[in-house]
Visitor: 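Before I ask anything, let me first share the structure, which is written out below as structure tokens.
Quick caveat, the model's predicted, so the values are computed rather than measured.
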Amino acid sequence: MLTRVRRWGPGLLLISPSLLLLGVFVYGLIGWTVKVAMSDRHTAAESDGFVGLSNYVDLFTNDINGRFLHSLRNLLIFTVVFLLGTMLLGLLWAFLLERGVRAEGVFRTVYLFPMAVSFVASGVVWRWLMNSAQGDDAGGLNAVFGQLNLGFLQNPWWTDPDWGMVAMAVPAIWQLSGYVMALFLAGFRGIPAELREAAAVDGASTFQLYRRVIFPQLTPVALSALIIVGHMSMKMFDLIMSVSGAQWLTEVPAVYVWQTLLTSDYAKASAISVILLLLVAVVIVPYLVQTMRTERRS
């Protein structure tokens, strides 16, 4: 026993402040949110009434105008478009840089620069760029299309009932595709040169080299990028609020939580938060488990 204390004691003592803060301000607050989500606290007044899962059931079956389901649908559209855009653009840019271009550092800086801008700042700019006015009153991108005699490309952007969430994903793709590019570029540069040389000796063409040797090696990088970008999209709040504000057309669960809190409906807001946490956990936890198993095997 004394030997174990001497072995583990100093390390545990060193990290105990971090564990305490993590336990109180992360897991403690998560537990409190779960408790409130199962109460009848729908006003600012204190309430200890336990209602079980009824708040969750109401979100799916008894919410006004199906608002929560509407926000989930918007989140699904945003996430799918966001993931496809960032992954494809990031891979394309990384592929071009990996093939070798002049002034590579300049291109890397240009692609990565949007990451240095906050979502709020970029959202304000993109709100102007995606001005829905058309014709003579057009502004932003619609004005550019008009000047280039491409008026058929003018559209209402995020105010379109059918394509609004697709347009909302455009600023997010612009901002984070450079990050995905950096991940893929690191993956390209981490592939041993011996594999390329062996493929060349075996007579593999450039297409076969990338299809059967290089791209399979990028699978862990692609999975990591999907997890990171995917969980960020599920929590997207500041960018959407900066571009469209609290609008029905572009409402997602994170925005719905904020609006519900403004009405002091703490039980409902907590229930939405817990569901959002579970959605993120469904994406992240299997990846973490698989990563731990892989590390143990190696």
Visitor: Could you check whether Trp248 and Asn65, counting side-chain N and O atoms only, form a donor-acceptor pair closer than 3.5 Å?
Guide: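 Asn65 vs Trp248: no donor-acceptor pair found between side chains.
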Visitor: Relative to the ring of Phe145, is the ring of Trp157 parallel (under 30°), tilted (30 to 60°) or perpendicular (over 60°)?
Guide: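 Plane angle under 30°, so parallel.
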Visitor: Could you check whether any side-chain heavy atom of Leu279 comes within less than 4.5 Å of a side-chain heavy atom of Val283, counting everything from C-beta outward?
Guide: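 Side chain of Leu279 against side chain of Val283, heavy atoms only: no contact under 4.5 Å found.
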Visitor: Does some side-chain heavy atom of Leu185 sit less than 4.5 Å from a side-chain heavy atom of Phe95?
Guide: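 Side chain of Phe95 against side chain of Leu185, heavy atoms only: no contact under 4.5 Å found.
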Visitor: Is any side-chain N of the basic residue among Asp63 and Lys268 closer than 4.0 Å to the acidic one's carboxylate O?
Guide: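 Looking at Lys268 together with Asp63, the answer is yes, because their closest N to O distance falls below 4.0 Å.
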Visitor: Do Met165 and Val81 have side-chain heavy atoms sitting under 4.5 Å apart?
Guide: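 Of all side-chain heavy-atom pairs linking Val81 with Met165, none is under 4.5 Å.
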Visitor: Are any of the side-chain heavy atoms of Arg196 and Ile214 separated by less than 4.5 Å?
Guide: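 Yes - at least one pair of side-chain heavy atoms lies under 4.5 Å apart.
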Visitor: Quick one: CG on Leu91 to CG on Leu183, what's the gap to the nearest 0.5 Å?
Guide: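 Answer for the CG-CG pair, Leu91 versus Leu183, is 11.5 Å.
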Visitor: What is the distance from atom NZ of Lys235 to atom CG of Leu277, rounded to the nearest 0.5 Å?
Guide: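 It comes to 9.5 Å.
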Visitor: Take the angle between the ring planes of Tyr210 and Phe215 and call it parallel below 30°, perpendicular above 60°, tilted in between.
Guide: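 Answer is tilted, since the angle falls between 30° and 60°.
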Visitor: Can you get from Trp258 to Phe119 by hopping between Ile, Leu, Val, Met, Phe, Trp and Tyr side chains that sit under 4.5 Å apart?
Guide: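 They do share one cluster, since a chain of ILVMFWY contacts under 4.5 Å joins Trp258 to Phe119.
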Visitor: What I want to check is whether the side chains of Glu251 and Ser71 have a donor and an acceptor closer together than 3.5 Å.
Guide: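 There is no such pair (donor and acceptor under 3.5 Å, judged by atom type) between the side chains of Glu251 and Ser71.
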Visitor: Does one hydrophobic cluster hold both Phe188 and Leu96, with members joined at side-chain heavy-atom distances below 4.5 Å?
Guide: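 Per the 4.5 Å side-chain linkage, Phe188 and Leu96 are co-clustered.
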Visitor: Just how far is it from atom CG of Leu29 to atom OG of Ser273, taken to the nearest 0.5 Å?
Guide: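 One finds 11.5 Å between CG of Leu29 and OG of Ser273.
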Visitor: I would like to know whether Ser122 and Trp174 meet side chain to side chain contact (heavy atoms under 4.5 Å, CB included); could you show each step before the answer?
Guide: CA-CA 10 Å; Ser122 66; Trp174 171 80; 3.8 Å; yes
Visitor: Between Phe68 and Ile275, is any pair of side-chain heavy atoms under 4.5 Å apart?
Guide: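 Side chain of Phe68 against side chain of Ile275, heavy atoms only: contact under 4.5 Å found.
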Visitor: Do Asp160 and Asn155 come within less than 4.5 Å of each other through their side chains, counting heavy atoms only?
Guide: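 No, every pair of side-chain atoms sits at 4.5 Å or beyond.
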Visitor: Using atom types as modelled, flag every donor-acceptor pair under 3.5 Å from a side chain in residues 222-229 to any protein atom, sequence neighbours excluded.
Guide:
{"from": "Ser224", "atom 1": "OG", "to": "Pro220", "atom 2": "O", "distance (Å)": "3.0"}
{"from": "Ser224", "atom 1": "OG", "to": "Tyr287", "atom 2": "OH", "distance (Å)": "2.7"}

Visitor: Look at atom CZ of Phe237 and say whether more than 12 heavy atoms of other residues, nucleotides or ligands are closer to it than 6.0 Å.
Guide: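 Buried by this count: over 12 neighbours within 6.0 Å.
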Visitor: Counting only N and O atoms by type, is there a donor-acceptor contact under 3.5 Å from the side chain of Asn131 to the main-chain atoms of Asn142?
Guide: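 Pair absent, no side-chain N/O of Asn131 close to backbone of Asn142.
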Visitor: Under 3.5 Å, is there a donor-acceptor pair between the side chain of Ser233 and the main chain of Gly230?
Guide: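 Such a contact is found between Ser233 side chain and Gly230 backbone.
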Visitor: Quick one, Met38 and Ser54 - any side-chain contact, counting heavy atoms below 4.5 Å?
Guide: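 Met38 does not reach Ser54 side chain to side chain.
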Visitor: Is Leu53 linked to Ile272 within one hydrophobic cluster, defined over Ile, Leu, Val, Met, Phe, Trp and Tyr using a side-chain heavy-atom separation of less than 4.5 Å?
Guide: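 Yes, it is one cluster - the side chains of Leu53 and Ile272 are joined through contacts under 4.5 Å.
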Visitor: For a 4.5 angstrom cut-off between non-hydrogen side-chain atoms, does Ser264 reach Thr43?
Guide: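 Not in contact.
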Visitor: Is there a donor-acceptor contact under 3.5 Å linking the side chains of Tyr256 and Asn74?
Guide: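 No, Asn74 and Tyr256 have no side-chain donor paired with an acceptor closer than 3.5 Å.
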Visitor: Is Trp163 reachable from Leu150 through a run of I, L, V, M, F, W or Y residues, each pair having side-chain heavy atoms under 4.5 Å apart?
Guide: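 In one cluster with Leu150: Trp163, yes.
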